[in-house]
K.L.:
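Before anything else, here's the structure in question.
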Amino acid sequence: MNREQVDRTSISLPVDLAEYARAKGNGNTSAYLASLIEKDRRLDRIKAMLAEHGYTGDRAITDAGVAAMRDRLHRVRRERAGRRPQAA
């Protein structure tokens, strides 16, 4: 069996966050937290790749830009949902 090397690390969290992580992890808090870290690392790789292809400066992907686009998409979805004919 080929298994990844594992490094044990202890972390401290505020009580409310620890409880939330336990609940979301369904008994495997470590796996849940590792998945969050992996998602963050993946985003960093994507941002680095985009920067290599010229998305820098005012064209760079920023948290504010992502939030603005997310808000725009939600607004468009709400508008479209409002235009759908209502079933009788």
Side-chain angles (χ1 to χ4, degrees):
M1 179 191 297
N2 187 5
R3 297 179 67 176
E4 285 187 48
Q5 186 176 1
V6 176
D7 181 21
R8 293 181 62 95
T9 300
S10 176
I11 63 168
S12 298
L13 295 171
V15 173
D16 61 329
L17 293 180
E19 289 172 353
Y20 182 82
R22 274 189 220 102
K24 290 292 281 189
N26 294 320
N28 195 343
T29 305
S30 293
Y32 172 68
L33 294 175
S35 72
L36 294 178
I37 294 167
E38 181 58 34
K39 285 178 187 177
D40 193 51
R41 184 168 68 171
R42 199 172 316 130
L43 287 173
D44 287 345
R45 288 180 186 153
I46 290 168
K47 287 177 182 178
M49 182 183 65
L50 290 169
E52 285 179 26
H53 290 30
Y55 289 90
T56 59
D58 62 346
R59 296 180 67 197
I61 307 298
T62 64
D63 292 340
V66 169
M69 184 56 69
R70 184 178 293 120
D71 291 342
R72 181 177 173 193
L73 290 171
H74 287 296
R75 188 183 71 247
V76 168
R77 286 182 185 139
R78 284 191 305 272
E79 290 171 359
R80 286 182 181 164
R83 285 183 272 173
R84 290 188 190 136
Q86 300 298 320

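The figures that follow rest on heavy atoms only: side chains count, while hydrogens, waters and symmetry mates do not. Bear in mind the structure is a predicted one, so any value in this text is a computation, not a measurement.
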K.L.:
Side-chain heavy atoms nearer than 4.5 Å, only ILVMFWY residues, links allowed to pass through others: does that put Val66 and Leu43 together?
P.N.:
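No.
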
K.L.:
Measuring from atom NZ of Lys39 to atom CD1 of Ile37, what distance do you get when rounded to the nearest 0.5 angstrom?
P.N.:
12.0 Å

K.L.:
Nearest 0.5 Å, what's the CE-CG distance between Met49 and Asp44?
P.N.:
12.5 Å

K.L.:
Which heavy atom in Leu33 sits nearest to a heavy atom in Ala21, and how many Å separate them?
P.N.:
CD2-CB, 4.2 Å

K.L.:
Before accepting this row, confirm whether a basic side-chain N of the pair Glu19/Arg22 lies closer than 4.0 Å to the acidic partner's carboxylate O.
P.N.:
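Between Arg22 and Glu19 there is no salt bridge, as every charged N stays at least 4.0 Å from the carboxylate O atoms.
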
K.L.:
Taking Ile11 as the starting point, is it possible to reach Leu36 by hopping between hydrophobic residues whose side chains are less than 4.5 Å apart?
P.N.:
yes

K.L.:
Using 0.5 Å steps for rounding, measure from the CZ atom of Arg45 to the CD atom of Glu38.
P.N.:
5.5 Å

K.L.:
Hey, does Arg80 have a side-chain heavy atom less than 4.5 Å from the side chain of Arg77?
P.N.:
no

K.L.:
Among the clusters formed by ILVMFWY side chains lying less than 4.5 Å apart, do Tyr32 and Leu13 turn up in the same one?
P.N.:
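As far as the 4.5 Å side-chain criterion goes, Leu13 and Tyr32 are connected within one cluster.
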
K.L.:
Which pair of heavy atoms, one from Asp63 and one from Lys47, lies closest together, and at what distance?
P.N.:
OD1-NZ, 3.4 Å

